[in-house]
Amino acid sequence: MVREAKQEDLQEVLELYLCLHEKSVPELSEHLLSTWDQIIQDKNHHLIVNEVNEKIISSCVCVIIPNLTRNVRPYAFIENVVTHSQYRGKGYATECLSFAKAVAENNNCYKMMLLTGSKEQETLSFYKNAGYNCTDKTAFIQWIDMEE
């Protein structure tokens, strides 16, 4: 079942992010809880989860960004697309991305964008099959004060 995350989903989302690129679940701090509240309460921030047997197994984030161009239509940015390793290849992330597309359409977005750090052909094909292309724009990233 695909839905938007709820307040009580924090721990499961953090554990799922271990399958993304995180090395550990962050400490339950005031900053973490404040950030979570901000995400859950922001009408433009949609943390989408997919559940199987009441366990969150896949997720993505869709942020609606207000915009002054394109007839003052917003655009959507997709981030943190992840599926638990035991559930990959079964369409769960595709369901999350479809939900995100519906969110974007309901918000009158004129485009959706996502970035991936993966160079794996399987991952790139997944995004192409989901309707994204890598030919329209060139992405540049500048990391700010990142600790590794």
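Worth saying up front: this structure is predicted, and the values here are computed from it rather than measured.
Side chain of Asp9 to main chain of Ala5: no donor-acceptor pair is present (N/O by atom type, distance under 3.5 Å, no hydrogens or angles). Between the side chain of Asn53 and the main chain of Lys55, no donor-acceptor pair closer than 3.5 Å is present.
When hydrophobic residues (I, L, V, M, F, W, Y) are linked wherever their side-chain heavy atoms come within less than 4.5 Å, Ile144 remains an isolated member. Grouping Ile, Leu, Val, Met, Phe, Trp and Tyr residues whose side-chain heavy atoms lie under 4.5 Å apart, directly or via other members, leaves Phe140 alone, with no other cluster members. Under the 4.5 angstrom side-chain criterion for Ile, Leu, Val, Met, Phe, Trp and Tyr, Leu124 has no cluster partners at all.
The list of side chain to side chain donor-acceptor pair (under 3.5 Å) pairs with a residue in residues 78-93, not counting sequence neighbours, reads Ser58-Thr83.
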Would you mind writing out the side-chain donor-acceptor pairs for residues 112-120 within the sub-3.5 Å range, not counting sequence neighbours?
residue	atom	partner	partner atom	Å
Thr116	OG1	Ser118	N	3.1
Ser118	OG	Glu120	N	3.0
Ser118	OG	Thr123	OG1	3.4

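No side-chain heavy atom of Val2 sits less than 4.5 Å from a side-chain heavy atom of Val49. The side-chain heavy atoms of Ile78 and Tyr132, taken from C-beta on, include a pair separated by under 4.5 Å. Contact annotation: the side chain of Ile64 approaches that of His46 to within less than 4.5 Å [non-hydrogen atoms, C-beta and beyond].
Glu27 meets the side chain to side chain contact (heavy atoms under 4.5 Å, CB included) test with no other residue; sequence neighbours excluded. Residues satisfying the side chain to side chain contact (heavy atoms under 4.5 Å, CB included) test with Val25, not counting sequence neighbours, are Gln11, Leu14, Glu15, Leu18. A search for side chain to side chain contact (heavy atoms under 4.5 Å, CB included) contacts involving His31 returns Ser29, Thr35, not counting sequence neighbours. The side-chain hydrogen bond (donor to acceptor under 3.5 Å, both in side chains) search around Gln38 returns none, not counting sequence neighbours. Taking Asn67 as the reference, Thr69, Arg70, Tyr75, Tyr110 meet the side chain to side chain contact (heavy atoms under 4.5 Å, CB included) condition, with sequence neighbours excluded. Glu51 pairs by the salt bridge (charged side-chain N to carboxylate O under 4.0 Å, His left out) definition with Arg3, not counting sequence neighbours. The salt bridge (charged side-chain N to carboxylate O under 4.0 Å, His left out) search around Glu54 returns none, not counting sequence neighbours.
No single ILVMFWY cluster, assembled from side-chain heavy atoms under 4.5 Å apart, contains both Ile57 and Val82. Under the 4.5 Å side-chain heavy-atom criterion for ILVMFWY residues, a single connected hydrophobic cluster contains both Leu47 and Leu32. Under the 4.5 Å side-chain contact rule for hydrophobic residues, Ile141 and Tyr127 do not share a cluster. Hydrophobic cluster membership differs between Ile56 and Val52, with clusters built from Ile, Leu, Val, Met, Phe, Trp and Tyr side chains linked at under 4.5 angstrom. Linking ILVMFWY side-chain heavy atoms closer than 4.5 Å, directly or via other members, places Leu20 and Phe126 in two distinct hydrophobic clusters.
Just one residue in the list Leu28, Asp37, Ile40 forms a side-chain contact (heavy atoms from CB on, under 4.5 Å) with Leu10, and that residue is Leu28. Just one of Ile48, Leu97, Asn107 meets the side-chain contact (heavy atoms from CB on, under 4.5 Å) condition when paired with Cys62; it is Ile48.
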Query - Pair Glu95-Met1, side-chain contact (heavy atoms from CB on, under 4.5 Å): steps then yes or no - result: CA-CA 9 Å; Glu95 290 175 353; Met1 174 181 82; over 6 Å; no

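Across every non-hydrogen atom of Lys6 and Trp36, the tightest pair is O-CZ2, 3.3 Å. What you find for Ala93 and Val81 is that their closest heavy atoms are CB-CG1, 4.3 Å. The minimum heavy-atom distance linking Val61 with Val63 is given by the pair CG1-CG2, 3.7 Å.
The CD atom of Glu122 sits 8.0 Å away from atom OG of Ser125, with the distance rounded to the nearest 0.5 Å. Taken to the nearest 0.5 Å, the SG atom of Cys60 stands 9.5 Å off from the CG atom of Asn50. Expressed to the nearest 0.5 Å, how far OH of Tyr17 lies from OG of Ser59 amounts to 4.5 Å.
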